Amino acid sequence: MKREITLSSQDITQAEIDEVVAVLRSERLSLGPRIPAFEQEFVKRLGVKHAIACNSGTSGLHMVWRAMGIGPGDEVITTPFSFIASSNSIMFQGGRPVFVDIDPQTWQIDPARIEAAITPRTRALLPVDVFGVAAEMDAINAIARKHNLRVLEDSCEALGATYRGRWCGLLGEAGVFGFYPNKQITTGEGGMVVTNNDEIAFLCRAYRNQGRDPTADWLAHARLGFNYRMNDVQAAIGIHQMRRLDEILAKRDRVAGFYRERLRDEPRLSLQRVPEHCRISWFVFVVRLSDDYSAEQRLTIIERLRAAGVGCQVYFPAIHLQPFYQEPPLSYRRGMFPITEALCDRTIALPFHNHLSEADVDYVVRTLRSLL
Ligand SMILES: *Cc1c(COP(=O)(O)O)cnc(C)c1O
């Protein structure tokens, strides 16, 4: 029998299923008690003042920009090596994503390049904790303080990761987590804003709920808002996913360990460097082919891996090369961020989820090696 190893898979237990069934039998499918209960799991676990659940990581990012007052013409500096939602969220408010290139080893925004990109219109920095590793946040926060910029940390890939012993998500003024099924924990779709800032928290609670003040009448809308609410079925899943966080992270560490053991002495591949002061929370398992390989050869390897039943993906394509980022007004071009481009042409995300066995990883690595 041919093996089929999927790229990603969720990890749902009977506890999540029972809680969902309990919600379905209850009176409240939305705006019920499980939303604050899910938020409290974050408050307790991370030791943060406010956690605001919403219907996706993307909407969480959008609400924070709005709460920070980012608007038309404002520039936000971020990385082109990320999932596209991070920089798109700036554009929802009419802002302009300004990219700077990454560090070739850590694959994170390179703080040494940020100041050269600051203009009189720069209002904020959007570091992304890429692949469950913190961005270089001390240097980023120092630049923000010096130039009076806001800092939003996109931690959608980094629940459970730490930086100098502090939780990712709490390293800027606000952080956002995402719960799509390939993330560390899932609610199907969902997101969470975390912050110690009372004003950001107050505004995000209002924006997710049609602009209502949290204490006001149902039909009193103090400001323009959205429907970015999470529902109670999603929160029911999230409560138990969050309670299982340690178990989930341990499973992911174990699978990553299988890969690392087998790829340690492979000169044709390299992995993201995790700085000593960062604890990774494994999100995906991405390998980078050496510079001897072309972008075309990478695609051939991916095709053949898939033909052998190994789910894999280009991860990520450079954001600035997406078609609408190359059109006016952004007008980004190939050649502008060469370190990112060289990386994006050579990455392959391999199957990575909690249920992979050592034999599965063995098969993936043997198949990959045979194609190099
Ligand atoms: C997943 C992800 C998001 C968006 O999360 P959704 O919940 O899918 O909207 C944002 N930024 C990064 C870096 C992500 O990986």
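Each residue takes its place number in the sequence, starting with 1. In each ligand, atom 1 is the first atom listed, and ligand 1 is the first ligand listed. The shown structure was predicted, so the numbers you read here are calculated from the model rather than taken from an experiment.
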Are F258 and F285, when compared by the centres of their aromatic rings, separated by less than 6.0 Å? no

May I have a table of the N/O to N/O pairs between ligand 1 and the protein that fall below 3.5 Å, each row giving the two atom names and the distance to 0.1 Å?
| unit_1 | atom_1 | unit_2 | atom_2 | d |
| --- | --- | --- | --- | --- |
| ligand 1 | 7 (O) | G57 | N | 2.8 |
| ligand 1 | 9 (O) | G57 | N | 3.4 |
| ligand 1 | 9 (O) | T58 | N | 2.9 |
| ligand 1 | 9 (O) | T58 | OG1 | 2.5 |
| ligand 1 | 11 (N) | D154 | OD1 | 3.4 |
| ligand 1 | 11 (N) | D154 | OD2 | 2.7 |
| ligand 1 | 15 (O) | E157 | OE2 | 2.6 |
| ligand 1 | 15 (O) | K183 | NZ | 2.8 |

Residue pair E75 / T119, side-chain donor-acceptor N/O under 3.5 Å: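 Short answer, yes.
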
Distance only, no hydrogens: is a donor on one side chain within 3.5 Å (strictly under) of an acceptor on the other, for E16 and T13?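 A pair is found: one side chain offers a donor N or O, the other an acceptor, under 3.5 Å apart.
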
Under the side chain to side chain donor-acceptor pair (under 3.5 Å) rule, what do T186 and Q10 come out as? Steps first, then yes or no, please. CA-CA 7 Å; T186 189; Q10 69 267 26; over 6 Å; no

Hey, does the side chain of Q272 reach the backbone of V130 with a donor-acceptor pair shorter than 3.5 angstrom? yes

Salt-bridge present (R273, D103; N to O < 4.0 Å):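 Salt bridge: no.
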
